[in-house]
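Here's the structure we're looking at; comments come further down.
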Amino acid sequence: MTAVGIPGVDVPDARGRTGLDRAGRDLTGNRDVVVREVEVLSSAWYVNRRTTFQRRRRGGTWHTEQRETHDRGNGATVLLYDRARRTVLLTRQFRFPAYVNGSPDGMLVETAAGLLDEQDAEAAVRREAEEELGVAVGALTRLPDLFMSPGSVTERLAFFAGPYTPADRVSAGGGLAEEGEDIEVLELPFDEALTMAGDGRIADAKTVLLLQWAALRGPFRA
């Protein structure tokens with residue numbers, strides 16, 4: 001009988017990857033956690049794993065636990081602002097996961113963002129700003145990286161902010177059609193965007209965080 005390999009584990013998956021079951025096995029930063037088994041549940045594009053580990057709780061007893069994780073890689077996002085005109089550049093696009101979970105039409109207003117795709121975070125966010133917003137970004141301020149949904153998603157998101165002017169526009173933006181992107185570019189007064197974040201019209205967490213930063217500590221602080 002011929003052994004059947006597992007895509008992404010001992011035979012390449014659709015993206016040519018193997019060894020996806022090794023994630024987490026070599027972690028040593030927490031002496032109270034020992035990884036015992038990692039199973040790859042799917043790897044069609046992103047990677048879903050089920051990990052079995054033992055964890056020593058505060059009382060000293062060890063317990064066996066299982067967690068499923070969704071690994072889509074790390075990403076970066078940027079808030080572009082024009083201090084003189086008091087505006088920000090955002091995107092509006094369809095997000096099916098939001099649509100299937102209560103968003104009336106699935107159309108979310110967001111800061112430009114994307115996966116790193118093996119680039120460093122600053123290079124990736126410059127790429128996304130040009131593709132989605134049509135802006136060649138200059139100086140950038142890097143803010144702390146954040147885990148956006150640490151209970152199940154491994155992604156760590158790098159946050160940036162930077163100024164823009166109309167002269168920095170190099171294209172109409174809109175994303176890459178060959179990647180299925182159909183993105184509307186929105187230039188909004190900052191005060192309107194902040195109001196939208198407060199009343200739920202902007203319901204994307206990274207965007208709300210960056211708008212609040214701009215109001216409290218960034219370019220539009222009082």
Side-chain angles (χ1 to χ4, degrees), residues 1-30 32-55 63-78 91 93-103 106-108 110-133 145-160 173-183 204-207:
M1 179 181 295
T2 302
V4 177
I6 301 173
V9 177
D10 50 5
V11 297
D13 65 6
R15 300 182 67 185
R17 301 170 297 187
T18 58
L20 297 178
D21 61 324
R22 292 197 293 268
R25 292 183 183 272
D26 58 352
L27 293 174
T28 59
N30 189 333
D32 297 328
V33 176
V34 179
V35 173
R36 295 301 186 189
E37 185 178 5
V38 181
E39 303 167 78
V40 176
L41 303 179
S42 65
S43 64
W45 188 258
Y46 305 135
V47 183
N48 292 292
R49 298 180 177 90
R50 179 167 54 224
T51 300
T52 303
F53 57 92
Q54 290 179 302
R55 184 168 68 91
H63 294 260
T64 299
E65 302 179 17
Q66 263 188 354
R67 293 291 184 273
E68 292 186 10
T69 57
H70 180 69
D71 182 354
R72 61 190 303 271
N74 293 325
T77 186
V78 62
T91 68
Q93 58 186 306
F94 178 70
R95 297 296 200 185
F96 182 78
Y99 186 42
V100 79
N101 194 31
S103 172
M107 302 297 293
L108 295 191
E110 307 177 32
T111 50
L115 297 177
L116 301 189
D117 292 335
E118 299 184 355
Q119 289 184 304
D120 66 82
E122 183 171 324
V125 88
R126 290 180 183 278
R127 178 198 71 215
E128 293 298 328
E130 186 162 342
E131 291 176 0
E132 296 189 1
L133 299 172
D145 294 2
L146 297 174
F147 292 98
M148 300 303 293
S149 188
S152 59
V153 181
T154 62
E155 181 184 27
R156 187 174 62 246
L157 195 61
F159 282 74
F160 293 87
L176 300 179
E178 60 267 29
E179 294 184 3
E181 295 180 326
D182 181 22
I183 297 171
D204 172 66
K206 65 182 182 294
T207 307

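- In terms of heavy atoms, A112 sits closest to E132 at CA-OE1, 3.3 Å.
- If you take CZ on R55 and CD on E65, they are separated by 4.5 Å, rounding to the nearest 0.5 Å.
- Separation of atoms OG1 (T69) and CZ (R49) is listed at 6.0 Å; rounding is to 0.5 Å.
- The CG atom of D204 sits 7.0 Å away from the CE atom of M148 when rounded to the nearest 0.5 Å.
- Between A23 and V38, the shortest heavy-atom contact is O-CG2, 3.5 Å.
- When the shell of 6.0 Å around OH of Y99 is examined, it contains 12 or fewer heavy atoms from other residues, nucleotides or ligands.
- A distance of 11.0 Å separates OG in S43 from CG in D71, rounded to the nearest 0.5 Å.
- Remark: D32 pairs with R56 by the salt bridge (Lys or Arg N to Asp or Glu O under 4.0 Å) rule, at least two apart or across chains.
- There is a side-chain donor-acceptor pair under 3.5 Å between T111 and T77.
- Shown here for D10 and T18, the closest heavy-atom pair between the two residues is C-CG2, 4.4 Å.
- Using a cut-off of 4.0 Å between Lys/Arg side-chain N and Asp/Glu carboxylate O, E130 and R126 are scored as not salt-bridged.
- The shortest non-hydrogen separation linking A129 to V78 is CB-CG1, 4.3 Å.
- In terms of the salt bridge (Lys or Arg N to Asp or Glu O under 4.0 Å) criterion, D21 has no residue partners (sequence neighbours excluded).
- Using a cutoff of 4.0 Å between basic side-chain nitrogens and carboxylate oxygens, E37 and R25 are not scored as salt-bridged.
- The two residues A113 and E128 come nearest to each other via the heavy atoms O-OE1, 3.2 Å.
- The salt bridge (Lys or Arg N to Asp or Glu O under 4.0 Å) test applied to R15 returns no partner, not counting sequence neighbours.
- When all heavy atoms are compared, the tightest approach of V35 to G24 is CG2-O, 3.3 Å.
- Other residues, nucleotides and ligands contribute only 12 or fewer heavy atoms inside 6.0 Å of the CG atom of N101.
- A side-chain contact (heavy atoms from CB on, under 4.5 Å) with T91 is found for one member of T207, L133, L108 and no other, namely L133.
- The CG atom of L146 sits 4.5 Å away from the CZ atom of F159 when rounded to the nearest 0.5 Å.
- Going from atom CG of L115 over to atom CG of N74 covers 8.5 Å, rounded to the nearest 0.5 Å.
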